[in-house]
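Chain A is the first sequence line, chain B the second, and so forth, proteins listed ahead of strands; every chain is numbered from 1.
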There are 2 protein chains.
Amino acid sequence: MIGEEALAGLLKKPNLRMTRQRMIILEELRKVNTHPSADEVYEMVRKRLPRISLGTVYRNLEILSKTGEIQKLEPGSSLKRFDGNPHEHYHIRCIQCDRVVDAHMKCAFSFDDVPNEMRDFKIIGHKLEFIGLCPECVEDSLPA
Amino acid sequence: MIGEEALAGLLKKPNLRMTRQRMIILEELRKVNTHPSADEVYEMVRKRLPRISLGTVYRNLEILSKTGEIQKLEPGSSLKRFDGNPHEHYHIRCIQCDRVVDAHMKCAFSFDDVPNEMRDFKIIGHKLEFIGLCPECVEDSLPA
DNA sequence: TTTGCTGCAAATCCTTTGCAGAGGT
DNA sequence: ACCTCTGCAAAGGATTTGCAGCAAA
């Protein structure tokens, strides 16, 4: 889970406008719990705004996830990365430069309220990824 | 972390051949801890097999990650998904149909051996995703 | 010998971007 | 008014795929 405040504080841009398109995209996304893809959001929104473009949907999803209004369910960039080490370990990824390093640790869960759908999953494993700024990018982003 | 055995057991195909290309891709990936992209693997491997094609690299990375020899660092498909709920919760994704459902739980870490690079990261948050088969896909994959 | 794998190139899919006009604030 | 945002369409980048020959088992 991204700490929203931290991220919002880090990335929120000034001068954002609440357009009809942006608002409806957010509303539609809040209505469902199906984690739609950009294209699916486009289809949902199109029912209310037939003339909206896919490009606008992409642009707004990007902005809304940067301000912390929604979450993007794909860590890092769109580039897949491969790890020659098949053994249990986690990763930390720099949101700025997309670099990934290994993180060795244990991780324990305590379940609050497992939804039925999840109870019926056959769970094979899990992936944990920390998100942050790598040493170089921290330095670059600090005021000199 | 994917339970390799489980995954390997689930997805390993019979009749795989250990070709020169497949072996060298695996060897090169085992040598580094830099989590290269497919294209970077291609460049690494090209030094030893100048005539290998990018397509072959992609095909083998896919196979090696399905048999559990390596890990692919991008959960689910290449399709990004969006979640209208910005609050702290995790997800479980079906490896078969790519469906995502919410998982509400707490998660605690105990650090073994934090690498220096990680210590110097500015950590903003984390993402946890369980991987498994959803109820429908479990059913489909069972012998009738 | 069988049939999985390869190189090549084209195709596909998802996402991003340039532009000129529209519309928040 | 200012300047962000939009629709459209084209571009871009990553990944996949069809095919005919090659090579593990």
Side-chain angles (χ1 to χ4, degrees), chain A residues 11-29 35-67 69-82 95 97-98 100, chain B residues 11-29 35-67 69-82 95 97-98 100:
Chain A
L11 297 171
K12 184 170 260 173
K13 294 184 202 151
N15 310 326
L16 285 181
R17 291 175 186 173
M18 184 45 74
T19 61
R20 196 162 158 56
Q21 290 84 340
R22 185 164 299 161
M23 184 157 54
I24 290 180
I25 288 170
L26 182 55
E27 283 174 9
E28 291 300 312
L29 211 36
H35 313 83
S37 64
D39 203 69
E40 288 164 347
V41 172
Y42 175 56
E43 289 306 329
M44 290 156 60
V45 170
R46 219 131 81 99
K47 291 179 184 140
R48 293 174 61 189
L49 287 178
R51 300 191 49 77
I52 197 173
S53 74
L54 227 203
T56 296
V57 171
Y58 271 103
R59 277 183 288 231
N60 277 303
L61 289 172
E62 201 52 42
I63 289 172
L64 291 170
S65 72
K66 288 206 167 147
T67 61
E69 301 291 331
I70 65 172
Q71 287 187 58
K72 183 160 47 162
L73 300 193
E74 209 73 341
S77 74
S78 60
L79 205 71
K80 289 189 185 67
R81 296 191 166 278
F82 297 87
I95 50 171
C97 69
D98 199 47
V100 175
Chain B
L11 295 172
K12 184 168 263 175
K13 294 184 202 151
N15 310 328
L16 286 181
R17 291 177 186 174
M18 183 46 73
T19 61
R20 196 160 157 56
Q21 290 85 340
R22 184 164 299 160
M23 184 157 55
I24 289 180
I25 287 170
L26 183 55
E27 283 174 9
E28 291 300 312
L29 211 35
H35 313 84
S37 64
D39 203 69
E40 288 163 347
V41 172
Y42 174 57
E43 289 305 329
M44 289 157 60
V45 169
R46 219 131 81 97
K47 291 179 186 141
R48 293 174 61 189
L49 287 177
R51 301 189 49 76
I52 197 173
S53 75
L54 227 203
T56 296
V57 171
Y58 272 103
R59 278 182 287 230
N60 277 303
L61 289 172
E62 201 53 42
I63 289 171
L64 290 171
S65 72
K66 289 206 166 145
T67 60
E69 299 292 331
I70 65 172
Q71 287 188 57
K72 181 158 52 161
L73 300 193
E74 208 74 340
S77 73
S78 62
L79 205 72
K80 287 189 185 69
R81 297 192 165 277
F82 297 88
I95 50 171
C97 68
D98 198 48
V100 175

* To do: May I have the distance from A:Glu62 (atom CD) to C:dT17 (atom P), rounded to whole angstrom?
  => 10 Å
* Nearest atoms (heavy-atom pairs only) where B:His35 meets A:Val100 -> ND1-O, 3.1 Å
* Distance in angstrom units between B:Ile63 CD1 and C:dT6 C1', rounded -> 11 Å
* Check A:Arg81 against B:Ser37 and note the closest heavy-atom contact, atom names and distance. => NH1-N, 3.6 Å
* **CG-CZ distance between B:Leu49 and B:Arg20, expressed to the nearest 0.5 angstrom** => 5.5 Å
Return the polar atom pairs (N/O with N/O) between nucleotides 23-25 of chain C and the protein under 3.5 Å, or none.
{"unit_1": "C:dG23", "atom_1": "N2", "unit_2": "A:Arg17", "atom_2": "NH1", "d": "2.4"}
{"unit_1": "C:dG24", "atom_1": "N2", "unit_2": "A:Arg17", "atom_2": "NH1", "d": "3.4"}
{"unit_1": "C:dG24", "atom_1": "N2", "unit_2": "A:Arg17", "atom_2": "NH2", "d": "2.7"}
{"unit_1": "C:dG24", "atom_1": "N3", "unit_2": "A:Arg17", "atom_2": "NH1", "d": "3.3"}
{"unit_1": "C:dT25", "atom_1": "OP1", "unit_2": "A:Met18", "atom_2": "N", "d": "2.7"}

* To do: Write down the distance between CD1 (A:Ile24) and C1' (D:dC5), rounded to a whole number of angstrom.
  => 15 Å
* Can you name the closest pair of heavy atoms from B:Leu54 and B:Ala38 and give their distance? -> CD2-O, 4.4 Å
* Between C:dC5 (C1') and B:Met23 (CE): distance, integer Å -> 14 Å
Can you name the atoms? Protein N/O to nucleotides 8-12 of chain D N/O, anything below 3.5 Å, with the distance.
{"unit_1": "D:dC8", "atom_1": "OP1", "unit_2": "A:Arg51", "atom_2": "NH2", "d": "2.9"}

* Asked: So with a 6.0 Å cut-off around CZ of B:Arg48, is the heavy-atom count from everything else above 12?
  -> yes
* Is there a side-chain contact between A:Leu29 and A:Leu61 (heavy atoms, below 4.5 Å)? -> yes
* Roughly how many Å is it from CG in B:Leu54 to P in D:dA14, rounded to a whole number? -> 10 Å
* Nearest to the side chain of B:Ala38 - D:dT15, C:dG4, D:dT4? -> D:dT15
* To do: Tell me what B:Asn60 touches on the nucleic acid: a base, only sugar-phosphate, or nothing, going by heavy atoms under 4.0 Å.
  => sugar-phosphate
* Asked: Between C:dT15 atom C1' and A:Tyr58 atom OH, what is the distance in whole Å?
  -> 5 Å
* Asked: Just how far, in rounded Å, is C1' of D:dA14 from CZ of A:Arg81?
  -> 13 Å
* To do: In sequence, state the C-alpha distance, the side-chain angles, and the governing distance for B:Glu28 and B:Lys47, and then conclude on salt bridge (Lys or Arg N to Asp or Glu O under 4.0 Å).
  => CA-CA 10 Å; B:Glu28 291 300 312; B:Lys47 291 179 186 141; over 6 Å; no
* What integer distance in Å separates A:Leu49:CG from D:dC5:C1'? -> 13 Å
* Which pair of non-hydrogen atoms, one from A:Thr56 and one from A:Ile25, has the smallest distance, and what is that distance? -> O-CD1, 4.3 Å
* Asked: Looking at B:Arg59 and B:Glu62, does any basic side-chain N land under 4.0 Å from a carboxylate oxygen?
  -> no
